[in-house]
Amino acid sequence: MSTSNVKIAAKGISKSFTTENGTIQVLDNVSLEVKTNEFLVILGPGQCGKTILLNCLAGILPPDSGEVILNGKKVTEPGPDRGVVFQQYALFPWKTVRDNVAFGLAIRHMPVKERYEIAQKYIDLVGLTGFEKSYPHQLSGGMKQRVSIARSYANNPEVLLMDEPFSALDAQTRYSMEKELLSIWEQEKRTVVFITNNVEEAIYLGDRIVLMTKLPGTIKMEFPLTSPKPRNYTDASFLEMRLAISEETELAL
């Protein structure tokens, strides 16, 4: 991979935690590179360190060894150049959709008119036009996650880090959100690192899949995805890729 085309990279990341039962090695010498505007999916079973790796990329957790490099510079803390969408919606219940989306702009002291204009752009983009004055308790799970995605985009990050954002949704809503996310990404390209333990979701969304092992988490292998998007779950190429990944993974299929 050309170094000039790498947006964010993990270089030899290791991370362990001390518990009552001793030290647990969570990540072991993980290295990966993500190209500019690539949609990279990190796939692996539960308890493989995927979320810990994402938190290291975000600057939320410092690695014990190794480093994260963004645009050629070492990451030492969270920053607006990285947006994070968590499994839980992490919305402020007392704020409207519009104010939740505009929150990052508000703490940067952007004038109200300007930040609301930007918020509206992304509210429209994620399909929530008309819900600007609604509160989180008035929204469905899928709508709440749309707000989270809009908020991340509104901050204009260079990299979007997504930690199993659709895992709490029912199957039909999850599929709908996958389609919506691809549509948004096609319109507003970002470098995306997407965490999942769902093989079909990984194949549907990704430009490339990085497969991780169980603890201690390491990268087992990569699968490039070259078929055009959107992909059909029943196409022969989709099913062939699913079989190839399932033969290498420790996921329960």
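- When the salt bridge (Lys or Arg N to Asp or Glu O under 4.0 Å) test is applied to E164, no partner is found at least two apart in sequence or on another chain.
- Under the ring pair (Phe, Tyr, Trp, His ring centres under 6.0 Å) criterion, Y116 pairs with no residue, sequence neighbours left out.
- A side-chain N or O of S148 and one of Q145 form a donor-acceptor pair less than 3.5 Å apart.
- Here S152 pairs with nothing under the side-chain hydrogen bond (donor to acceptor under 3.5 Å, both in side chains) rule; sequence neighbours left out.
- When the side chain to side chain contact (heavy atoms under 4.5 Å, CB included) test is applied to K74, the partners found at least two apart in sequence or on another chain are E67, I69, T76.
- Under the side chain to side chain contact (heavy atoms under 4.5 Å, CB included) criterion, A90 pairs with F86, R151, sequence neighbours left out.
- In summary, D28 and K15 do not engage in a salt bridge, as defined by a charged side-chain N under 4.0 Å from a carboxylate O.
- Sorted by first and then second residue, the pairs that involve residues 206-246 and meet ring pair (Phe, Tyr, Trp, His ring centres under 6.0 Å), not counting sequence neighbours, are Y175-Y233, Y204-Y233, Y233-F238.
- Residues F92, W94, I107 make up the rest of the hydrophobic cluster containing F103, defined by ILVMFWY side-chain heavy atoms closer than 4.5 Å, directly or through other members.
- Checked against side chain to side chain contact (heavy atoms under 4.5 Å, CB included), E188 has the following partners two or more places apart in sequence or in another chain: K121, Y122, L125, Y153, R190.
- The salt bridge (Lys or Arg N to Asp or Glu O under 4.0 Å) test applied to R174 returns E178, E201, not counting sequence neighbours.
- The hydrophobic cluster containing L239, built from Ile/Leu/Val/Met/Phe/Trp/Tyr side-chain heavy atoms closer than 4.5 Å, comprises no other residue.
- The salt bridge (Lys or Arg N to Asp or Glu O under 4.0 Å) search around D124 returns none, not counting sequence neighbours.
- Checked against salt bridge (Lys or Arg N to Asp or Glu O under 4.0 Å), K95 has no partners two or more places apart in sequence or in another chain.
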